[in-house]
There are 2 protein chains.
Amino acid sequence: MNSTSDEIKDDYNFISEALIDIYDQIMRIEESEIRKSRFKDITAKELHLIHTIGLHDRKTTSEVSRVLKLSKGTLTANLNNLEKKGYIIRMINQQDRRIINLGLTSKGRLLYRAHYAFHRQLVESCLKGFDGSNIRKMRQALVNVEKFIDEVSSK
Amino acid sequence: MNSTSDEIKDDYNFISEALIDIYDQIMRIEESEIRKSRFKDITAKELHLIHTIGLHDRKTTSEVSRVLKLSKGTLTANLNNLEKKGYIIRMINQQDRRIINLGLTSKGRLLYRAHYAFHRQLVESCLKGFDGSNIRKMRQALVNVEKFIDEVSSK
DNA sequence: CTAAAATAGTTTGAAATTCAAACTATTTTG
DNA sequence: CAAAATAGTTTGAATTTCAAACTATTTTAG
């Protein structure tokens with residue numbers, strides 16, 4: 001297929017606009033879908049935190065606050081909430097008792113999987129009708145975004 | 001190019017994971033880049049609000065609060081801040097004097113364009129080396145996401 | 001035509017979120 | 001072993017958010 005430089009510019013504009021708008025909507029839908037399920041007490045931010053804590057990692061509080069760029073105090077508050085609601089547990093690290101390792105409860109793991117499934121569904125519907133090479137390209141585009149982000153943030 | 005179903009599944013997983021993580025980083029970078037420029041007093045949320053108000057639309061407060069899913073009270077507070085900082089103006093609609101139409105000041109328009117330019121840069125770097133047909137596919141993927149979002153939110 | 005209802009936006013007071021700084025407990029270093 | 005460093009929590013203040021009450025204006029219905 002051939003494209004004029006005007007068509008490409010138009011595509012670029014469309015893609016830029018769409019990206020600016022879409023993600024906010026995804027966050028919102030994510031939250032509203034999760035609230036329709038048995039996890040009615042969860043906000044989008046908490047979902048994000050649960051995703052970061054992850055299924056298997058036993059991350060520390062410091063690691064999570066670094067990844068999410070939240071102050072340690074803020075994270076402590078968030079973790080208190082999620083602990084109270086029964087989604088996470090704190091485990092004192094026996095090698096170094098200053099450290100708290102974080103884990104998901106079974107309820108937390110269910111939520112994690114529900115969230116992940118929603119995203120998979122989104123990606124599947126987004127790539128419907130794409131063949132393997134197109135999907136590869138899509139993946140490449142995301143790698144490029146990550147590279148761009150790294151460059152900008154390290155400069 | 002040929003792909004096994006396992007490879008595709010792996011790509012799907014990669015793409016899902018990447019999407020979950022990337023947006024938060026983009027928001028953060030957007031804000032930190034804008035704060036390095038002459039617009040040091042702007043947060044990511046305010047940037048988003050300025051984008052929604054837009055260059056030409058003269059949207060009303062209600063429209064904006066509906067789009068951004070913010071309560072009217074919250075939006076009033078945000079608009080007060082942006083007005084104080086000189087990015088937006090409120091215009092009483094002379095046909096219906098209950099209505100406030102929103103517009104950007106010249107400073108607000110400069111910020112709008114700087115934000116847009118950043119996104120264009122991101123999209124360009126993300127699609128580097130893609131040909132016209134690949135870019136088309138990318139665009140199609142975003143249309144699919146929009147469709148998915150509409151379906152989920154209207155069901 | 002006008003009183004009642006509806007609509008647009010602001011104000012208010014309370015709850016939630018966030019941060020930085022001070023603090024506690026523990027481990028590492030010199 | 002005392003001092004410094006590190007992990008996480010607590011604290012108090014600032015900011016953000018919401019829903020409900022409120023003001024001003026327009027629309028509707030009798």
Side-chain angles (χ1 to χ4, degrees), chain A residues 24 27-28 30-32 34-35 39-53 57-85 87-104, chain B residues 24-25 27-28 30-32 34-35 39-53 57-85 87-103:
Chain A
D24 205 58
M27 291 271 282
R28 215 138 41 207
E30 225 171 53
E31 177 172 309
S32 77
I34 230 68
R35 278 168 173 284
F39 308 108
K40 300 194 195 315
D41 54 357
I42 288 294
T43 65
K45 273 177 191 168
E46 288 173 326
L47 206 46
H48 195 178
L49 174 49
I50 282 172
H51 179 81
T52 303
I53 291 173
D57 292 353
R58 308 262 142 148
K59 292 200 179 72
T60 68
T61 300
S62 297
E63 282 171 328
V64 172
S65 80
R66 188 156 18 81
V67 171
L68 295 182
K69 255 96 175 174
L70 293 174
S71 73
K72 295 190 302 175
T74 300
L75 187 58
T76 294
N78 293 171
L79 291 173
N80 289 343
N81 291 337
L82 283 179
E83 198 178 37
K84 229 176 301 168
K85 295 192 232 173
Y87 290 94
I88 65 141
I89 40 169
R90 289 171 156 111
M91 291 162 288
I92 295 175
N93 183 312
Q94 290 308 329
Q95 274 70 58
D96 181 343
R97 291 179 24 256
R98 289 170 302 183
I99 294 176
I100 302 281
N101 287 111
L102 299 171
L104 300 181
Chain B
D24 205 58
Q25 296 178 55
M27 291 273 281
R28 214 140 39 209
E30 225 172 50
E31 177 172 310
S32 77
I34 230 65
R35 277 168 173 283
F39 307 108
K40 299 192 196 313
D41 55 357
I42 289 294
T43 65
K45 273 177 191 167
E46 288 173 325
L47 206 46
H48 196 180
L49 174 49
I50 282 172
H51 179 81
T52 303
I53 291 173
D57 292 353
R58 307 261 144 148
K59 293 200 179 72
T60 68
T61 300
S62 296
E63 283 171 328
V64 172
S65 80
R66 187 155 20 79
V67 171
L68 295 181
K69 256 91 176 178
L70 292 174
S71 73
K72 297 190 302 176
T74 300
L75 187 57
T76 294
N78 292 172
L79 291 173
N80 289 342
N81 291 338
L82 284 179
E83 197 177 39
K84 229 176 301 168
K85 296 192 232 173
Y87 290 94
I88 65 140
I89 42 171
R90 289 171 156 112
M91 291 162 289
I92 295 174
N93 183 311
Q94 290 306 328
Q95 274 70 57
D96 181 343
R97 291 178 23 255
R98 290 169 301 182
I99 294 175
I100 302 282
N101 287 111
L102 300 171

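In what follows, every chain begins at residue 1, and chains take the letters A, B, ... in the order their sequences are listed. As the structure is a prediction and not an experimental result, all values here were calculated from the model.
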(message) If you compare every side-chain N and O of B/Ser71 against the phosphate oxygens of D/dC18 (OP1, OP2), does one of them come in below 4.0 Å?
(response) yes

(message) So, does A/Asn78 get its side chain near the phosphate of C/dA16, meaning an N or O under 4.0 Å from OP1 or OP2?
(response) no

Using a heavy-atom cut-off of 4.0 Å across all strands, would you classify [X] as base, sugar-phosphate, or nothing?
| X | result |
| --- | --- |
| B/Ser62 | sugar-phosphate |
| B/Arg90 | sugar-phosphate |
| A/Thr60 | sugar-phosphate |

Given atom [atom1] of [X] and atom [atom2] of [N], what is their separation to the nearest angstrom?
| X | N | atom1 | atom2 | answer |
| --- | --- | --- | --- | --- |
| B/Leu79 | D/dT16 | CG | P | 13 Å |
| B/Leu75 | C/dT12 | CG | C1' | 17 Å |
| B/Ile42 | D/dT16 | CD1 | P | 11 Å |
| B/His48 | D/dT17 | NE2 | P | 12 Å |
| B/Leu82 | C/dT10 | CG | P | 13 Å |
| B/Lys72 | D/dA19 | NZ | C1' | 11 Å |
| B/Arg97 | D/dT27 | CZ | P | 12 Å |
| B/Lys69 | D/dT16 | NZ | P | 22 Å |

(message) What I want to check is whether an N or O donor and acceptor connect the side chain of B/Arg98 with the base of C/dT7 at under 3.5 Å.
(response)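 Indeed, a donor on one side and an acceptor on the other fall under 3.5 Å apart.
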
[X] side-chain proximity, nearest of [options]:
| X | options | result |
| --- | --- | --- |
| B/Lys45 | C/dT10, D/dT17, C/dT17 | D/dT17 |
| A/Asn81 | D/dG8, D/dC18, C/dT17 | C/dT17 |
| A/Thr76 | C/dT27, D/dG8, C/dT18 | D/dG8 |
| B/Thr74 | C/dT10, D/dC18, C/dT18 | D/dC18 |
| A/Asp96 | D/dG8, C/dG9, C/dT26 | C/dT26 |

(request) Search all heavy atoms of B/Asp24 against all heavy atoms of A/His48 and return the closest pair with its distance. (result)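 Looking at all heavy atoms of both residues, the shortest contact is CG-CE1, 3.2 Å.
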
(request) Working to the nearest 0.5 Å, report the span between CD of A/Glu63 and CG of A/Leu68. (result) 11.5 Å

(request) May I ask which nucleotide in the shown strands pairs with D/dG30, Watson-Crick or G-U wobble, both distances under 3.5 Å? (result)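 Pair assignment: D/dG30 / C/dC1.
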
(message) Checking base pairs now: Watson-Crick or wobble, both atom distances under 3.5 Å. What partners C/dT26?
(response)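 The base-pairing partner of C/dT26, which may sit in any strand shown, is D/dA5.
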
(request) Check whether the side chains of B/Ser62 and B/Ser65 place a donor and an acceptor atom closer than 3.5 Å, and report yes or no. (result) no

(message) Could you go through B/Tyr87 and B/Asp41, starting from their C-alpha distance and side-chain angles, then the distance that decides it, and tell me whether this counts as side-chain hydrogen bond (donor to acceptor under 3.5 Å, both in side chains)?
(response) CA-CA 10 Å; B/Tyr87 290 94; B/Asp41 55 357; 2.7 Å; yes

(message) Closest-nucleotide mapping onto DNA chain D: is A/Ile99 or B/Gln94 further toward the 5' terminus? I mean the 5' end.
(response) A/Ile99

(request) Could you check B/Leu70 against B/Asn78 for side chain to side chain contact (heavy atoms under 4.5 Å, CB included), going step by step and ending with a plain yes or no? (result) CA-CA 10 Å; B/Leu70 292 174; B/Asn78 292 172; 3.8 Å; yes

(request) For the pair A/Lys45 and A/Glu31, find out whether any cationic side-chain nitrogen is under 4.0 Å from an anionic carboxylate oxygen. (result) no

